[in-house]
Amino acid sequence: MKKALRAPISTLVAIATGAAVVLSFFFFELEELRGLILGWVILLAAVALLLGLANLFLVHFHKIRRGESRVYSFVLVAAMLVTFIITLLQGSLGVFPNWLFNYVQVPMESSLMAMLAVTLTLAAARALQQRSDLMSIVFIAALLVLLASSAPLFGLELPWLTRTLGPYFNQELSVGAMRGLLIGVGLGTLTTGLRVLLGIDRPYGG
Amino acid sequence: MPSHSSQDPEENLPDWLKDLRKRQQQEGDIEPRETAPEQTPSGGEPSPEQKGEEEPEWLLEIRRRHQEEASTQPHRTPPGEGSEEDVPHEEEGREKTGPRLTDTPPAPEEAQEAEPPKEEERGEKEPTLPTGELPDWLQGAEPEEKGDQESLQNEGATSVPAFSQNDIEPLSPGEVPSWLEALRPGAETRKSRASEEEESTGPLAGLSGVLPAEPEIARFGYTPSRPSRLEISENQQRHASVLERLIATEGQSVVDQSQVRILPIRILRYVIGVLLVLATTLPLLVGGQAAPRPEMEAYPESARVYNAIEMLPADSPVLVVFEVETSLYGEVAAPASAVLSHLLQKQGRLVFLATDPTGPALVERLLTAELAAQPSVATGDYVNLGYLSGGIAALRQFSADPRAALPEIARTGEDPWTRQALENVDSLDDFALVVIMTSEAETGKAWIEQSGTTLSNGLLMVSSAQAAPVLLPYLQSHPATLNGLVAGFSGASYYERLRADVGLGTMYWNAYSYALGAALILILIGGLYGRTIQSGSDNQTSTGEEHSNADQQ
Amino acid sequence: MPISNEALPLIGTAVAAALTLFAFSYLLGDNVLFRLAIYLFIGVSAGYAGAVAVESIVAPQLILPLQAQIMGNPPTNPLDLGVKLALSLLLLNKLNPKAARFGNPVMALVVGAGAALAVVGVVQGTILPQVAAAVSYFDVDGLDLALQGGYYGEAMGILAQGIILLLATGGSLAYFHFGARDRGMQAPQRSLLVDALAWIGRVFIAITLAALFAGALRAALAALIERLAFLINTIPLLFGGS
């Protein structure tokens, strides 16, 4: 009761908005209202992205002023400002923004993902070395089968692996358990959503 | 009990005794008794005299006997109740007449003589008692009943007690059951008092359960001796031995096991990195097609995508939602280019949308890098709607009313809904096919949940290998929400084999095959290597502990 | 000296190759080059995303209509524009810690709408279809046909398949069921049936986790292949010029 009194307006807004959207699926007269609300949400999501950008700028700006990791923060702030301004001026498919995107952002993100291959291989090796309970053994065995059945190894295909065992693990056994997980996650999402719609949970600062 | 301090004790005598005394008085045998000033009420009856000049011999005999017994018998301790009630009596008696029978041994001169009333003295009203015998109950009567009598009888040295207490057998206590005894009020008090010390000095000597006359500090005596041996518990012994061990190992250097373990892990990481890079680079450098592509029955879900696109009429609007993260662009580009190539081959009118800010740029990159040779791409005969923010809100809004969600292409200010590809499109279901290209399972799920159920043809997906396990269950759902899936390099290679085409999937297939094999072997060898290192360090640790234990012993 | 359009791709390729190598240097340990590359990447990606958001959404839906309003060309729906402006300004208060609470109602609107969509979508798109799919594990028509044709082996196979899939789905749900009856002084314990199902579910969940891990490893290997292919194609280009 004390919590509800602390932020009655926000709670009311969340409940009213949620109710309007849910009811619009049952009453076609409310579809226009839903379109209106979703239009606001689309704009507010973009504004929220800008807020995140502004917060990142402020954090590193203060770091430069305080002298903490000054060089790195300066590189970040400078790159952010230059990219933002030039992209606004030339458009996102302009020459320089395109150049920045294709020759800075894409290579860096792809390279960071590529390094994950080494990390994941090391993690699998350490999982093999450390635990010996049933779940670990089944995990490692299934992992090895699934990797071996994804493609021919060193150019050599093992038919019983790629045509029988691998598809059975991938499309039957894994799918069955994943279905259970999806149903469980769905029920959790439903519960959490209902709690927000009923005002029990207030993640928006209420 | 009436207060005895202001009443004539004569009034408290039983009626028959009063009558007896009256008769005796009338006969002149017994003189009125002298009373204490404070106990003599105004207007009270005169007390009988203790002694007359002429006492009968029987009376004298009784008195003598009483005096002899009183000097030898111990005083009776009254019950708790009686003793409380008798306190005022005690005080009065002590002040004026000396100690009373209930608390202190009565003085011989105060001995009371019990005498059964003579038959002739009773008169007609009172029942006559046998001469010379007192009833038991009278002989052992409770002190509180006789308190008045005693106080009267104790007054003055010459008073003659009406009854000799010596002849009265004390009432034997009845056999009270223990449970009844426990129920008696004051039973606990009596028990506690029983264990209390009896006061031995002062005016309260002989009493128990009273405040001590002397404080504890004044009592002298030897202090109880305590054992000098230290008593410690097992737990304390354990703690002491641990502390002793800690102190003993203080000067000894300890091998840092974490450092021992980090170094092999670092070496393992270097080895894995180098071998993976080598296993991937060599096939790329050598080239060729050593690894066979997947069989035709390998991926039925990818075959469904192929079949759906194969049945696409020409000039059909196809929505392609590009939800690929920049980090996995390299992987998804292979199946995406294979599917897009097929779509363009079937003369589909492509419309691109993205709910990620980098989506529109990645679309352009893909089209320019991999499909530039396609006529539609070369002439720009496709629509890139751009970026739509809002997550699932954008998905739902676009699914319900695409025109309202994106009224114009913001980059160019152009109204896309006038283009040929979109002129007949008012809702998502108006697209001939909806293809979601995603690298994240959550994005694919969101599209399925928000728009998959509203489409009559369902969705087709091109995804990364990491999203495939989560999306596969949707292929079998009822109603159908996902109709087909092409995932990763395996899906790309398979799709290109179906189309008898060569693309990124085929180009990277060899390297993929070697990289997977290397990863598999590195996991196995790395695991065994790690187990060896770990068992060695465990042996080292246990040996070190054994040495330290041996040193301590 | 202005950079020609032909040189831009070459410079870009060189920059991309250098950044790729800087990123790979993390395998040897954290270093200055890697940190510089990371901070540069974050700045560029943040600035690019913000600019695209302004270009695609904020400008056409808010800034340009406001500009038109000021210039005397009112929009078709001024009320809608007014609400959008008010909501956006309220949300901007989130930058200031002291005034952040004024942005809470706006966040509440976004969260409420998102929660409603999530609830409807998960029921329509996941729970009901997946439960229906679990119900149809047993291919009744196929089983009927197999029995009629005397293919008892196939019939047993269909039954076994259905049972295994049902155990997989039910077991994975039971694994995350933690309800237990109170047994007074003793520790609460799940019922025997749920425990047995959970044990079976644990095995299938391990297989599913292995599938997810294998998928992630395959995706990472694919990214590694693409990057190495880029380097292999780029280095001769940079040094050979062709």
Side-chain angles (χ1 to χ4, degrees), chain A residues 9-10 13-14 17-18 21-22 25 37 41 43-44 46-47 49-51 53 56 72 75-76 79-80 83-84 87-88 92 99-100 103-105 107-108 110-111 113-114 116-117 120 135 138-139 142-143 146-147 173-174 176-184 186 189-190 193 196-197 204-205, chain C residues 12 15-16 19-20 23 35 39-48 50-53 55 57-58 61 84 88 91 94 104-105 107-113 115-116 118-120 122 126-127 130 165 168-169 172-173 176 202-208 210-211 213-214 217 220-221 223-224 227:
Chain A
I9 297 172
S10 300
V13 167
T17 309
V21 171
V22 169
F25 290 102
I37 292 172
V41 171
L43 171 66
L44 291 171
V47 174
L49 193 149
L50 292 175
L51 277 179
L53 201 73
L56 181 69
Y72 299 129
V75 166
L76 188 147
M80 189 193 325
T83 309
F84 185 76
T87 308
L88 278 181
S92 58
W99 187 93
L100 282 172
Y103 297 113
V104 176
Q105 187 168 345
M108 274 305 298
S110 300
S111 305
M113 190 61 173
L116 204 62
L120 289 175
M135 201 151 169
V138 171
F139 175 84
L143 175 66
L146 288 164
L147 284 177
L173 298 180
S174 169
M178 181 56 74
R179 182 160 287 130
L181 291 175
L182 284 173
I183 293 171
T189 306
L190 179 64
V196 171
L197 291 177
Y204 35 84
Chain C
V15 169
L19 288 174
T20 302
R35 284 199 179 196
Y39 276 80
L40 177 69
F41 152 69
I42 293 170
V44 167
S45 58
Y48 185 83
V52 169
E55 176 194 63
I57 306 294
V58 179
Q61 292 194 23
K84 284 180 178 177
S88 304
L91 191 59
K94 281 287 190 182
N104 288 348
M107 293 304 297
L109 186 141
V110 174
V111 167
V119 162
V120 171
V122 83
T126 296
I127 295 176
Q130 293 303 321
L165 288 176
T169 305
S172 63
L173 279 170
F176 294 105
R202 199 199 289 185
V203 174
F204 288 104
I205 285 171
I207 296 172
T208 303
F213 191 95
L217 181 56
L221 284 173
L224 178 67
R227 281 289 93 198

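All values derive from a computational prediction rather than experimental measurement.
Ring geometry for Y39(C) against Y72(A) counts as parallel: the plane angle stays under 30°, on a 0 to 90° scale with 60° as the upper cut.
Each of V52(C), V111(C), L109(C), L40(C) has some count of heavy-atom pairs under 4.5 Å with chain A, and the biggest count is that of L109(C). Of all the listed residues (A177(A), A46(A), G186(A)), the one sharing the greatest number of non-hydrogen pairs under 4.5 Å with chain C is A177(A). Considering only heavy-atom pairs separated by less than 4.5 Å from chain C, the leading option among L56(A), L100(A), L51(A) is L51(A). In terms of non-hydrogen atom pairs under 4.5 Å with chain A, the most contact-rich of G50(C), A211(C), A53(C) is G50(C). Contact tally against chain A (heavy-atom pairs below 4.5 Å) for V110(C), I127(C), I42(C): the top residue is I127(C). Heavy-atom pairs under 4.5 Å with chain A peak, among A210(C), A108(C), A51(C), at A108(C). The greatest number of non-hydrogen atom pairs below 4.5 Å with chain C, out of G18(A), P107(A), G184(A), is found for P107(A). No other option in L221(C), V58(C), L19(C), T126(C) has as many heavy-atom pairs under 4.5 Å with chain A as L19(C). Across T208(C), L224(C), V122(C), V15(C), the residue that shares the most heavy-atom pairs under 4.5 angstrom with chain A is T208(C). Of the residues considered (F25(A), Y103(A), W99(A)), Y103(A) shows the highest number of contacts with chain C, using heavy-atom pairs under 4.5 Å. Comparing L182(A), I37(A), L43(A) by how many heavy-atom pairs each has under 4.5 Å with chain C, the most go to L43(A).
Taking CD of E55(C) as the start and CG of L88(A) as the end, the distance is 7.5 Å to the nearest 0.5 Å. Atom CD of residue Q61(C) and atom CG of residue L44(A) lie 10.0 Å apart, to the nearest 0.5 angstrom. With values rounded to the nearest 0.5 angstrom, L116(A) atom CG is found 8.5 Å from L217(C) atom CG. Within the model, atoms CG of L173(C) and CZ of R179(A) stand 11.5 Å from one another, a figure rounded to the nearest 0.5 Å. To the nearest 0.5 Å, atoms CZ (F204(C)) and CG (L181(A)) are separated by 12.5 Å.
For K84(C), the salt bridge (Lys or Arg N to Asp or Glu O under 4.0 Å) test picks out D80(C), with sequence neighbours left out. Taking S111(A) as the reference, T20(C), A23(C), F24(C), R227(C) meet the side chain to side chain contact (heavy atoms under 4.5 Å, CB included) condition, with sequence neighbours excluded.
Contacts between V104(A) and chain C at a heavy-atom distance below 4.5 Å involve backbone atoms as well as side-chain atoms. In this structure, chain A has a heavy atom under 4.5 Å from the side chain of F176(C), while its backbone stays farther away. Residue contact with chain A, scored on non-hydrogen atoms closer than 4.5 Å, involves the backbone and the side chain of V44(C) alike.
Using modelled atom types, one finds no donor on one side chain facing an acceptor on the other under 3.5 Å when comparing Q105(A) with S45(C).
Taking each heavy atom of G47(C) and L53(A) in turn, the nearest pair found is N-CD1, 4.0 Å. Residue V138(A) comes nearest to A206(C) through the heavy atom pair CG1-CB, 3.7 Å, listed as atom of the first residue, atom of the second, then distance. Pairing each heavy atom of T17(A) with each of G112(C), the nearest pair is CG2-C, 4.4 Å. L120(A) and A220(C) make their closest contact through CD1-CB, 4.3 Å (heavy atoms, listed as atom of the first residue, atom of the second, distance). Residues V47(A) and S88(C) share a closest heavy-atom pair of CG2-OG, 3.9 Å. For Y204(A) against K94(C), the heavy-atom pair with the smallest separation is O-NZ, 4.4 Å.
Taking 4.5 Å as the limit, every side-chain heavy atom of F84(A) sits out of range of all side-chain heavy atoms of Y48(C).
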